[in-house]
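First comes the structure, then the notes that go with it.
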Number of protein chains: 2
Amino acid sequence: MVDETEAEFLRRYNIHDYDLPLVSVDLAIFTLRDQRLQVLLVERGAHPHKGRWALPGGFVDLKQDRELLDTARRKLQEKTGVRTPHLEQVVSVGSASRDPRGWSITILFMALIPPVSLQGGGAVDDVRWWPFADACALPLAFDHRELLLQARERLRNKTAYTLLPIHVLQPPFTLTRLQQAFEELLGEPLEKKSFRRRILSADVLEEVGEDLPEGGRGRPALLYRLRRGAEQHVFSRVVLADRL
Amino acid sequence: MVDETEAEFLRRYNIHDYDLPLVSVDLAIFTLRDQRLQVLLVERGAHPHKGRWALPGGFVDLKQDRELLDTARRKLQEKTGVRTPHLEQVVSVGSASRDPRGWSITILFMALIPPVSLQGGGAVDDVRWWPFADACALPLAFDHRELLLQARERLRNKTAYTLLPIHVLQPPFTLTRLQQAFEELLGEPLEKKSFRRRILSADVLEEVGEDLPEGGRGRPALLYRLRRGAEQHVFSRVVLADRL
DNA sequence: GCAATATAGTGGCCCATAGCCAATATATTT
DNA sequence: AAATATATTGGCTATGGGCCACTATATTGC
C-alpha cells in the first residue's frame, strides 16, 4: 500500500473515482394503532443528521453474502421482534447528493405488521411509532420523507387491489375492524356490504371465535383470522375501491 | 496514505471490509416485433462471462450526480436511440455472489419501446433482439435470466391492469394490432368486443387515420395513436383480463 | 322487565359492464 | 357477381358492485 496513490488503490478495487458507494437498506414499517396508520421511526444518534428522525435501516454488511430481503428482514426483527410479516421491496434511490458522506444508494422496503409494543427496556427510547401525518411533518433525515411518501403510495395501491392490509391487524379481528383498517390505509370510506362480499368471497379468512365483548354494546361480532395456507392468496387481485 | 493500512483507509471511506460494492443498472428492453415479444440483449465482450448474452446496462458513474432513472434513460438511448418510451424501475438485486468481482448490486429497469432497427452500422453486431422464449433459453451472464424473468412478470402484471402495452407499437396502429399486442404480452386471448369497449372507454386513444392498406384484404381498419396529454392515463387501472 | 340504543350481519333491487356470438360493413380475390 | 377476409357494431345474458333498508343480538337506562 505504501507505493500506491489513493487513486491507484481505488482503481485496484474497480472504483474509478474517490467516491465509494454506500449501500443501505431502509424500512417503512407500517401498522395500525388506535385506528390510525402509524410508521416506525428512529432518532439518529450520530452524524450526519444527528437528532433527526429517520426510517430504520442501515448499511448492508458486505462481508456476508446475504440477499437484500434477508438484510431487511433482520433489521425489521431487530426493531420490532416481528418475524413473519409482509415485507416487500419498494424502490431504490441512489445519487451523490442524498448523503453528505458520498455517493450512496438505499433499497427501500415496506413492511406491514400488527401493532407491537416496542421492547423499550429503557435505553431504546430513540425509536417510536408516529402517526403517518405527523411523521411527514417532521424534518426527516436525508431523503427519508420522499422515501416515506413512496412507501405510502405503494401501500395505498396495494390496499386498493389486494388484501395486504390484513397484516396490520392483530388476529383475531372482526370484519368491522378490518374494514376500518382498509379505509384508513386507502383514505376513503368503503361500502359495508360490498366489502364483506369481496373479502369473504376471496376465501382467505377463517372464522375463529364466536364472540367479542369489545368493551361494549351492540351485537357481538364474529372473529376471523387469515386462513392457514392462504398467505399467498392475500396478493391476489381483489378490487375493493369503488369504481376503478 | 503511507501510515494507513488498507483496512484503515477503507474505514475512512466508511467501508468496513475489503469488498467494495459495485453498482450497476440493467435494462430489460421489450418490444413487439413480428407479433412476438422480443427483448434486447448484448453479447459481452469482456470478462467475466465473456461471450455470453446479457441485459444491456453498466456501472453507474459515481462521479456524476445523476438519478438512477437518468442513468437508465441514457443507456436506453445509447442502445436504441429511443428517447421517450416507458421506463420503470423493477427491482434491485444485490449480493456477494452474483458477480465474481465482488459484492455488487444492480437496479433493474424495464423499458417498453416500439420496434426500432438497431443502428447497427457494422461494428455493433454484438447487440440484437431476441424473442423472449429464445432469450430465456440462452445461458445468460450473471443472474440476468432471473432478472429477465422478473421483468417479464412485471410486464405481465402491468398488461393485465394498465394500458402500457400501447408503448410497444409504432403509432399509428389498428385496434386489432393493439389487441394482438395485449394478447402476446398477457399470454392469453382476449375477447374482441370487451377489449375494444375497455380501450375506447379509457379515452386515451385518438383516431388519426382513416385507412390502412395493410398489404391486404378485408375492410380497412381505423388507425389510432395515444392521445396527446393522455400519457399519464396509460397508468390508470384498466382491467382487461377476463375474470380477475 | 321493557324501551331505547348501539353494533353486527343479511336481503334484495338496480344497474353497469364483461362475456358471448352473430350481424353488418367494406375491402380484395377469383 | 360471388366468395373470402378483415373491421366494426348490435344485442342478449349473467355476474357482481352500489345502495339502503331490514333483521339480529347485545348493553344501558328507566
Side-chain angles (χ1 to χ4, degrees), chain A residues 35 159-163 169 171-184 186-225 236-244, chain B residues 35 159-163 169 171-184 186-225 236-244:
Chain A
Q35 310 272 55
T159 301
Y161 61 91
T162 75
L163 304 178
L169 290 184
F173 45 80
T174 70
L175 288 185
T176 300
R177 291 260 178 247
L178 187 60
Q179 181 175 344
Q180 289 167 343
F182 271 86
E183 289 172 337
E184 170 72 7
L186 199 58
E188 56 182 341
L190 295 172
E191 212 282 325
K192 182 166 64 170
K193 186 64 186 298
S194 303
F195 179 80
R196 286 162 179 255
R197 245 194 316 240
R198 299 292 290 182
I199 291 286
L200 293 178
S201 74
D203 195 34
V204 297
L205 293 187
E206 168 178 67
E207 197 182 313
V208 55
E210 287 262 314
D211 268 15
L212 177 76
E214 184 89 24
R217 356 228 277 199
R219 174 174 171 177
L222 294 178
L223 291 173
Y224 294 86
R225 70 176 172 207
S236 63
R237 214 159 292 284
V238 178
V239 180
L240 287 163
D242 358 38
R243 209 127 304 269
L244 296 200
Chain B
Q35 309 273 53
T159 301
Y161 61 90
T162 76
L163 304 178
L169 290 184
F173 45 81
T174 70
L175 288 184
T176 300
R177 291 260 177 248
L178 187 59
Q179 181 175 345
Q180 289 167 344
F182 271 85
E183 289 173 336
E184 171 72 8
L186 199 57
E188 56 182 340
L190 295 172
E191 213 282 325
K192 183 165 61 171
K193 186 65 185 297
S194 303
F195 178 80
R196 287 163 178 255
R197 245 195 315 241
R198 299 291 291 185
I199 292 287
L200 292 178
S201 74
D203 195 34
V204 297
L205 294 187
E206 166 177 68
E207 198 181 313
V208 54
E210 287 262 313
D211 267 14
L212 178 75
E214 184 90 22
R217 355 228 277 198
R219 172 174 171 177
L222 294 177
L223 290 172
Y224 295 86
R225 70 176 171 206
S236 63
R237 215 160 290 285
V238 177
V239 179
L240 287 163
D242 1 39
R243 209 128 305 269
L244 295 200

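Numbers restart at 1 for each chain; the letters A, B, ... are given by sequence-line order, proteins then strands. Since we're looking at a predicted model, the values are computed, not measured.
Using a 4.0 Å cut-off, no side-chain N or O of Arg219(A) falls inside it from OP1 or OP2 of dA6(C). For the OP1/OP2 pair of dT17(C) and a distance below 4.0 Å, the side-chain nitrogens and oxygens of Arg197(B) include no atom meeting the criterion.
None of Leu175(A), Thr174(A), Leu169(A) except one satisfies the side chain to side chain contact (heavy atoms under 4.5 Å, CB included) rule with Tyr224(A); the exception is Leu175(A).
Atom pair Glu207(A):CD and dA8(C):P shows a separation of 15 Å (rounding to whole Å applied). If you take CD of Glu191(B) and C1' of dA22(C), they are 12 Å apart, rounded to a whole angstrom. Atom NZ in Lys192(B) sits roughly 15 Å away from atom P in dG19(C) (whole-Å rounding). Atom C1' of nucleotide dG11(C) and atom NZ of Lys193(A) are separated by 6 Å, given to the nearest angstrom. Computed from coordinates, the Ile199(A) CD1 to dG9(C) P distance equals 14 Å when rounded to whole Å. One atom, OH of Tyr224(B), and another, C1' of dA7(D), lie 10 Å apart when rounded to the nearest Å. Summarising the geometry, the separation between CZ on Arg217(A) and C1' on dT27(D) is reported as 7 Å, rounded to the nearest angstrom. In this structure, CG of Leu222(B) is placed 13 Å from C1' of dA27(C), rounded to the nearest angstrom.
A heavy-atom distance below 4.5 Å is found between the side chains of Leu190(A) and Phe182(A).
Comparing Arg196(A) and Gly218(A) by the nucleotide of DNA chain C whose heavy atom lies nearest to each, the residue mapping closer to the 5' end is Gly218(A).
Between the side chains of Glu184(B) and Gln35(B), no donor-acceptor pair of N or O atoms lies under 3.5 Å.
Nucleic acid contact class of Thr176(B) (heavy atoms, under 4.0 Å, all strands): sugar-phosphate only.
Taking both residues in full, the closest heavy atoms of Leu222(B) and Gly209(B) are given as CD2-O, 4.2 Å, listed atom of the first, atom of the second, then distance.
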